[in-house]
Amino acid sequence: MYNVVGVRFKKAGKIYYFDPLDLPIEKDRNVIVETARGIEYGKVVIGPKTVAESDVVLPLKKVIRMADDQDARVVEENKFAARNAFATCVDKIRDHQLKMKLVDVEYTFDRNKIIFYFTAEGRVDFRELVKDLASIFRTRIELRQIGVRDEAKMLGGIGPCGRILCCSSWLGDFEPVSIKMAKDQNLSLNPTKISGLCGRLMCCLKYEHDNYESAKEELPSVGKMVVTSYGDGKVVGINLQNHTVHVQLFETGKAKELPFDDVVVK
């Protein structure tokens, strides 16, 4: 068992566990921690707790110290510098005529590295670009290609539901979403109806999928012959939300919506 705190570096970013040592760390406090890419500034979103060894990545990194006002000013200065670096990189991309779209720029807390996030349709030879950027900023340069979902998470926006995108407001990890989830929920398969701003299937299709899966196990499938209080018939449709089935009655030839309790599979 390990005593840990959960630290997040970006809004809606992944949560990483760190060893709090003997520091009086509480939830919502800012801390300085050691990470794989250097010294970073983060926010404690999970207070001290004990977790099993299987829940942590060893060796467990340590919290260096509590963050203070000076550290917060450094973070703001880094954000300002990143905006200037963004403009510089856009100009250099144009000069080299590279087919890539710059999405975001980030300084590490200790300014040991600048990370440029970009999207592109394929592989990009950016070796000359890196040389130019290194000569300008005099620090380590990393260009990281990201997907369209990651781009939407960084840039944010308003979804079709009228709310701020889940990925940019609270969703830490992307889970696989398939067209089968839309089919199981009887949704329109029109791509414009079930796709998010990123152009991929909306993450929210996943949220209620387990409930639809369990409901399908209880309801008869389409095509099954059933017995109802109105007579025998065949299932021609299912409403998973209402737990009802549409049955075409043999006697009248008409379809009737019936509650699940009134339908027995032959």
Side-chain angles (χ1 to χ4, degrees), residues 2-51 53 55-90 102-119 130 133-134 136-147 149-157 164-174:
Y2 290 86
N3 187 35
V4 300
V5 291
V7 178
R8 180 176 277 160
F9 301 102
K10 294 181 181 180
K11 183 180 180 180
K14 291 183 180 180
I15 298 175
Y16 298 89
Y17 285 142
F18 291 87
D19 183 352
L21 300 177
D22 295 325
L23 296 173
I25 299 176
E26 299 177 354
K27 185 179 177 182
D28 296 328
R29 292 293 303 271
N30 294 316
V31 292
I32 304 298
V33 297
E34 177 190 358
T35 71
R37 68 180 197 179
I39 306 302
E40 290 287 9
Y41 176 97
K43 182 177 182 179
V44 176
V45 294
I46 299 177
K49 70 172 187 176
T50 302
V51 299
E53 182 177 342
D55 293 329
V56 300
V57 177
L58 299 176
L60 191 63
K61 300 286 187 179
K62 297 177 174 58
V63 175
I64 297 175
R65 58 180 173 83
M66 308 291 287
D68 54 26
D69 293 341
Q70 177 60 32
D71 296 320
R73 285 193 289 271
V74 170
V75 171
E76 291 303 314
E77 291 171 359
N78 288 348
K79 289 180 179 179
F80 180 79
R83 288 194 291 269
N84 293 333
F86 187 100
T88 300
C89 187
V90 168
L102 187 64
V103 176
D104 195 17
V105 178
E106 178 186 9
Y107 272 89
T108 57
F109 177 76
D110 55 8
R111 291 212 179 191
N112 189 42
K113 181 194 297 185
I114 312 177
I115 304 171
F116 297 85
Y117 299 92
F118 72 95
T119 58
V130 171
L133 295 175
I136 294 172
F137 297 108
R138 302 291 182 180
T139 189
R140 293 171 58 196
I141 303 294
E142 178 180 341
L143 269 74
R144 185 176 299 177
Q145 187 169 356
I146 61 174
R149 280 188 165 186
D150 295 300
E151 178 184 10
K153 185 180 183 71
M154 287 183 173
L155 299 180
I164 296 174
L165 296 180
C166 295
C167 59
S168 65
S169 58
W170 64 270
L171 193 62
D173 293 307
F174 292 114

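These numbers come from the heavy atoms of this one structure, side chains and all, not from hydrogens, waters or symmetry mates.
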Please determine, by modelled atom types, if Tyr2 and Asp19 share a side-chain donor-acceptor pair under 3.5 angstrom.
no
Evaluate the side-chain proximity of Val63 to Leu21: yes if any heavy-atom separation is below 4.5 Å, no if none is.
no
Parallel, tilted or perpendicular: which one describes the rings of Phe9 and Phe18, with boundaries at 30° and 60°?
perpendicular
Between Ile46 and Ile15, is there a side-chain heavy-atom distance shorter than 4.5 Å?
yes
For Lys49, the salt bridge (Lys or Arg N to Asp or Glu O under 4.0 Å) test, sequence neighbours excluded, returns none
List the residues meeting ring pair (Phe, Tyr, Trp, His ring centres under 6.0 Å) with Tyr17, not counting sequence neighbours, and say none if there are none.
none
Residue set satisfying salt bridge (Lys or Arg N to Asp or Glu O under 4.0 Å) with Glu76, at least two apart, ordered chain then number -> Lys79
Under the side-chain contact (heavy atoms from CB on, under 4.5 Å) test, which residues partner Arg138, sequence neighbours left out?
none
Set of salt bridge (Lys or Arg N to Asp or Glu O under 4.0 Å) partners for Lys27, sequence neighbours left out
none
Glu106: salt bridge (Lys or Arg N to Asp or Glu O under 4.0 Å) partners, not counting sequence neighbours:
Lys10, Arg37
Step through the shown structure and confirm whether more than 12 heavy atoms of other residues, nucleotides or ligands are within 6.0 Å of CD1 on Ile164.
no
Are Tyr41 and Ile32 close enough that some pair of their side-chain heavy atoms sits under 4.5 Å apart?
yes
